[in-house]
There are 2 protein chains.
Amino acid sequence: MTSVLVVDDEPQIVRALRINLSARGYDVMTAYDGRSALGVAVEGKPDVVVLDLGLPDIDGVEVIAGLRGWSSIPIIVLSARTDSRAKVEALDAGADDYVTKPFGMDELLARLRAAVRRGLAREVGDPVVETSSFVVDLAVKKVRRDGHEVHLTPTEWGLVEILARNPGRLVSQKQLLQEVWGPMHVNESQYLRVYFAQLRRKLEDDPAHPRHLITEPGMGYRFEV
Amino acid sequence: MTSVLVVDDEPQIVRALRINLSARGYDVMTAYDGRSALGVAVEGKPDVVVLDLGLPDIDGVEVIAGLRGWSSIPIIVLSARTDSRAKVEALDAGADDYVTKPFGMDELLARLRAAVRRGLAREVGDPVVETSSFVVDLAVKKVRRDGHEVHLTPTEWGLVEILARNPGRLVSQKQLLQEVWGPMHVNESQYLRVYFAQLRRKLEDDPAHPRHLITEPGMGYRFEV
DNA sequence: CCCCGGCCTCAAGAACGCGTAAAAGCCGGA
DNA sequence: TCCGGCTTTTACGCGTTCTTGAGGCCGGGG
């Protein structure tokens, strides 16, 4: 579960955030001043921090610096100050986003999702599309089949890449021909038949009855995961 | 140098951003519609994208999706729409930040710095890449082989460095040529054959059957660890 | 029933890309 | 100026990949 640390000295704001965040499945921690916020952050290791700048004890920028000293947790700053100077200071101190009060809850939640997504993106590896019989790794441009690498020619890879980027969606013949062979060959649908036959021989368990590289007659092809 | 792709159909905004960003040492690319933006992004690999949502051809959300299909480049959305629905849509599509027009240049620049900072944090890795037959030290720009240093010419090092920074990944011929020889020589693939032969003679145990500097015919080269 | 459009399969020549070697050109330092 | 190192260019053999044509299969419509 994603955990959020909410830091604000106004109890009604903390309450509103706690209700909204909890309802959406977040694990909510709270703090009412900067010093305890730093303590809670160290203890609880939240996935993201929502930080009000107007705290009673320490300046908000100090809190950001304190967090950034040991962590790269995403920080979303909440503040009543709308002047650009305050925003620039907070962002340059290490904040990830700056939302002015009063704020729309929808927007704050969307920015929070964006921040969390980025935080997670750092941890995950390559974009990989997986089927029951083979694995397409789009970043390193490799295809593996039961642990063993399958060699694809440039044209073959071009087709697989387009399909793998649109899993489950129907891709038209014209689009495939255009992107792999260029605009001059959008009618050479025979190319597709030849190459899909090759791909099925290389990738499908039973090339005569493909389960992942599907022909939609008269329309195009579909990559079924 | 940090490179920024600015996408907007209003020339005066593009001009204003270009002037401000260039003055602060950014390398600025521009596009005036969604389709060319995607093309420029693929070609130029910018470090961050500033994207206007009101483009003439494609919907801005489509552009975001198109970028997110293959990349996690930070995207800062610019838009005249202030309603939270638009913000939520853009952020959930994969944008990193949302700034409403008219915007303060100071604030935009600060948000841009924040986005770039996050992007860079993701890239720092081990400055030493090790294979079974040699070791590449990216920090001091040296290659060692059984304890003994191997001398590389500047061009050879350029190739090794790019490959070592993308271990396991397939790097296209175009990218190698562009980064080592410059944009005017992206078709001189013979250079690559000559230099990879040299590198294999210097680094591989059996230059005729390379295990680490792998050619992917028609596509590019791969550094296998 | 037969025809026809779209699909699959196979095969062979052409075209392409790669590795290698070696020569030629281009510096900067002795 | 000459020399040595580095880069660019040229040439050729070889294996792989692409293209193209021919034939067979299947299902729907006339």
Side-chain angles (χ1 to χ4, degrees), chain A residues 141 143 149-161 163 170-174 176-222, chain B residues 141 143 149-163 170-224:
Chain A
K141 301 205 174 182
V143 177
E149 181 179 344
V150 180
H151 176 73
L152 296 188
T153 71
T155 309
E156 288 164 356
W157 174 259
L159 292 172
V160 168
E161 179 166 22
L163 291 174
L170 173 71
V171 184
S172 72
Q173 298 197 359
K174 193 186 285 185
L176 289 168
L177 288 163
Q178 161 125 348
E179 298 207 18
V180 176
W181 279 272
M184 315 304 265
H185 302 77
V186 290
N187 294 315
E188 305 276 4
S189 52
Q190 171 67 4
Y191 289 2
L192 294 178
R193 297 189 198 103
V194 172
Y195 274 93
F196 271 91
Q198 271 170 16
L199 284 171
R200 285 169 183 149
R201 270 201 299 280
K202 290 188 177 182
L203 301 179
E204 294 276 1
D205 291 328
D206 180 1
H209 303 95
R211 297 177 53 209
H212 307 108
L213 301 172
I214 310 295
T215 302
E216 300 282 357
M219 316 211 48
Y221 294 83
R222 178 195 308 282
Chain B
K141 296 190 188 284
V143 179
E149 181 180 342
V150 180
H151 174 70
L152 296 187
T153 72
T155 309
E156 288 165 355
W157 172 257
L159 291 172
V160 168
E161 178 166 20
I162 295 170
L163 290 174
L170 192 151
V171 185
S172 74
Q173 300 195 359
K174 195 186 282 186
Q175 187 185 340
L176 290 168
L177 288 164
Q178 162 128 342
E179 299 205 16
V180 176
W181 280 272
M184 317 302 265
H185 301 78
V186 290
N187 294 313
E188 306 277 4
S189 55
Q190 174 66 8
Y191 290 2
L192 294 177
R193 293 188 207 106
V194 173
Y195 273 93
F196 271 90
Q198 276 171 14
L199 284 171
R200 285 170 184 147
R201 271 200 296 279
K202 291 187 177 183
L203 301 179
E204 293 276 1
D205 291 329
D206 180 2
H209 303 96
R211 297 179 53 211
H212 307 107
L213 301 172
I214 310 295
T215 301
E216 298 283 357
M219 303 206 276
Y221 294 84
R222 183 196 305 280
F223 183 82
E224 205 67 75

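Letters go in sequence order (proteins before strands), and every chain restarts at 1.
- Using cut-offs of 30° and 60° for the angle between ring planes, the B/Phe196 and B/Tyr221 rings count as parallel.
- With rounding to whole Å, B/Tyr191 atom OH is found 17 Å from C/dG17 atom P.
- Rounding to whole angstrom units, CD of residue B/Glu188 and C1' of D/dT10 are separated by 12 Å.
- Across the protein-nucleic acid pair, B/Ile214 atom CD1 and C/dG19 atom P stand 10 Å apart, rounded to whole Å.
- Both A/Tyr195 and B/His185 lie near DNA chain D, and the one whose nearest nucleotide falls closer to the 5' end is B/His185.
- Checked against D/dT17, D/dT20, D/dT7, the side chain of A/His151 finds its nearest nucleotide in D/dT17.
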Pairs: protein N or O with nucleotides 6-10 of chain C N or O, under 3.5 Å:
unit_1 : atom_1 : unit_2   : atom_2 : d
C/dC7  : OP1    : A/Gln173 : NE2    : 3.3
C/dC7  : OP1    : A/Gly218 : N      : 2.8
C/dC7  : OP2    : A/Arg193 : NH2    : 2.7
C/dC8  : OP1    : A/Arg200 : NH1    : 3.0
C/dC8  : OP1    : A/Thr215 : OG1    : 3.0
C/dT9  : O4     : A/Gln190 : NE2    : 2.9

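- In this model, a donor atom of one side chain and an acceptor atom of the other lie less than 3.5 Å apart for B/Gln190 and B/Arg193.
- Between B/Gln198 atom CD and D/dG5 atom P there is a gap of 13 Å when expressed in whole angstrom units.
- The distance from atom CG of B/Leu159 to atom P of D/dC6 is 15 Å, rounded to the nearest whole Å.
- Listed pair A/Thr153 / D/dC18 meets the phosphate criterion, a side-chain N or O lying under 4.0 Å from OP1 or OP2.
- For the pair A/Leu152 CG and D/dC18 P, the interatomic distance rounds to 10 Å; values are reported in whole Å.
- Across A/Thr215, A/Leu176, A/Val180, a single residue satisfies side-chain contact (heavy atoms from CB on, under 4.5 Å) together with A/Leu192, and that is A/Leu176.
- In this structure, A/Trp181 does not reach the D/dC18 phosphate: none of its side-chain N or O atoms is under 4.0 Å from OP1 or OP2.
- Checking side-chain atoms of B/Glu204 against main-chain N and O of B/His209 turns up no donor-acceptor pair under 3.5 Å.
- Straight-line distance from the CG atom of B/Leu199 to the C1' atom of D/dC6: 13 Å, rounded to whole Å.
- With A/Arg222 contributing its side chain and A/Glu216 its backbone, the two residues share no donor-acceptor pair below 3.5 Å.
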